[in-house]
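Here's the structure we're looking at; comments come further down.
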Amino acid sequence: MPKFLVDNKEIKAKQGTTLLKVCLDNQIYIPNLCYLEGIDPPSVSCRMCFVEIEGERQPVTSCTVFVKDDMVVKTDTPAVRQLQRTALRLLLSVHHVDCKNCQANKKCELQRMAKFLKVGLKPKGLGIYLREVEIDRSHPFLDYYPNRCVLCGKCVHVCREKNGQSALTFSKRGFDTVISFYGVRDLPTPECENCNVCIDICPVGALALKETQKEAVPNLQGEEDPNIA
Amino acid sequence: MNQELTPEEKEALKHVASKLEFYEEQRRNLIPILQMVQETLAYLPPEAIKLVAEHLAIFECEVYGVATFYNQFRFHPPGKHPIKACLGTACHVRGGDIILENFERKLGIHAGETTPDREFSIEKVACVGCCALAPVAIIDETVHGHMAPSKVEGLLMRIEIEKEMEERAKKKDESGQ
């Protein structure tokens, strides 16, 4: 069992566990969005979970590092915090900050990180770039809010875990990247109605159940997928 | 924007279905298959995406996700008069995006789409190699340099008039015979 130091605290953990998981298990919070046990290899897309390890030239993402004997880890150095703050500010610059009307209010991972890193939810100095489509209603049971999504990919992963294949996917690229449900209406068994794993895993409330099922009915036919444009 | 397939396209789709047999049912074949479909049909209609998904036994959304990532795949049929608005550096500086927006507004479609009558399609391109003429748009094969918003309407009008004249000439020919 490797023994090592995190913020001057001695920690023991099983060989083969990632540093991020060990820290979180030991009540050392490292901001993270896309990490989920079981995503192998980790997606490393949020660029939040940086730490400094003695011997490494620059901060590294803790979700990709496995614990080793005699590691000396610091989670709270100026360099790490600067990277995290910048990453969070960039995320918030493409986020529709409207916490009052958001279902994730108070359990939102972005709020938690902003508080932890002392970053305002409306960061100054950066432009705000929002997507045109506020709500994607193409799914028969779900609504998707592209301007809340942080594109962590957890929903895609859990859907695949549970149903063998994922009914959600990333589509397009760059700034235009969104989660898409293309073709979900034609699936042989749209079990989404009672599943909800994607909603539960979403750290920011970008996925929500349609408010009434009545609303879902007219959507079943005809209305076009705004993603196709 | 779900456009009906033309009879020729339905025929081509059958052709695609028979060609699919040559590809093994493996995910790594997805992109070659999509390229083959686009070569045959000139774009990826929803029907074709469904066909490909069924062949590889994956969900349609996965096919869609891969296809939307790459610029080489298009989801709308090419129009009879393709319009390419240049957004390269020089054209960008001289307001290429305004020209693009003008075309979009005038035709009522977004970049990457085709008008319902399949006359026009708009595409964004990055540099066509004549930056001195910026901003540039290409309609059919003709390069139009020093574009201005006021020119957009004229260019579209000219194509319509040409089309009308052609039709009239045709009618005349027919009645003359």
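Only a predicted model underlies this, so the values are computations on that prediction, with no experimental measurement involved.
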* Structure fact -> Sequence neighbours excluded, the answer for salt bridge (Lys or Arg N to Asp or Glu O under 4.0 Å) partners of E54(B) is none
* State, to 0.1 Å, how close F69(B) and R173(A) come at their nearest heavy-atom pair, and which atoms those are. => O-NE, 2.8 Å
Tabulate below the donor-acceptor pairs under 3.5 Å that side-chain atoms of residues 126-145 of chain B make, not counting sequence neighbours, or state none.
unit_1	atom_1	unit_2	atom_2	d
D140(B)	OD1	H81(B)	ND1	3.1
D140(B)	OD2	H81(B)	ND1	3.1

* **Donor-acceptor contact below 3.5 Å, side chain T68(B) vs main chain K172(A)** => yes
* Asked: Any donor-acceptor pair under 3.5 Å linking the side chain of E62(B) with the backbone of L168(A)?
  -> no
* Asked: Would the number of heavy atoms belonging to other residues, nucleotides or ligands and lying under 6.0 Å from CZ of R94(B) be above 12?
  -> no
* Check whether more than 12 heavy atoms from other residues, nucleotides or ligands sit under 6.0 Å from atom NZ of K19(B), and answer yes or no. => yes
* To do: Begin with the C-alpha distance, continue with both residues' side-chain angles, and end with the deciding distance and a verdict on side chain to side chain contact (heavy atoms under 4.5 Å, CB included) for S180(A) and Y64(B).
  => CA-CA 9 Å; S180(A) 151; Y64(B) 180 75; 3.5 Å; yes
* Between E60(B) (side chain) and Y182(A) (backbone), is there a donor-acceptor pair under 3.5 Å? -> no
* Look at atom CD of Q72(B) and say whether more than 12 heavy atoms of other residues, nucleotides or ligands are closer to it than 6.0 Å. => yes
* chain B heavy atoms under 4.5 Å from T177(A): which part of the residue, side chain, backbone, both or neither? -> neither
* To do: Mark yes when over 12 heavy atoms from residues, nucleotides or ligands other than E134(A) sit less than 6.0 Å from its CD; otherwise mark no.
  => yes
* Side chain, backbone, both or neither of I49(B) within contact of chain A (heavy atoms, under 4.5 Å) -> side chain
* For residues F181(A) and C61(B), report the shortest heavy-atom separation together with the two atoms involved. => C-CB, 4.4 Å
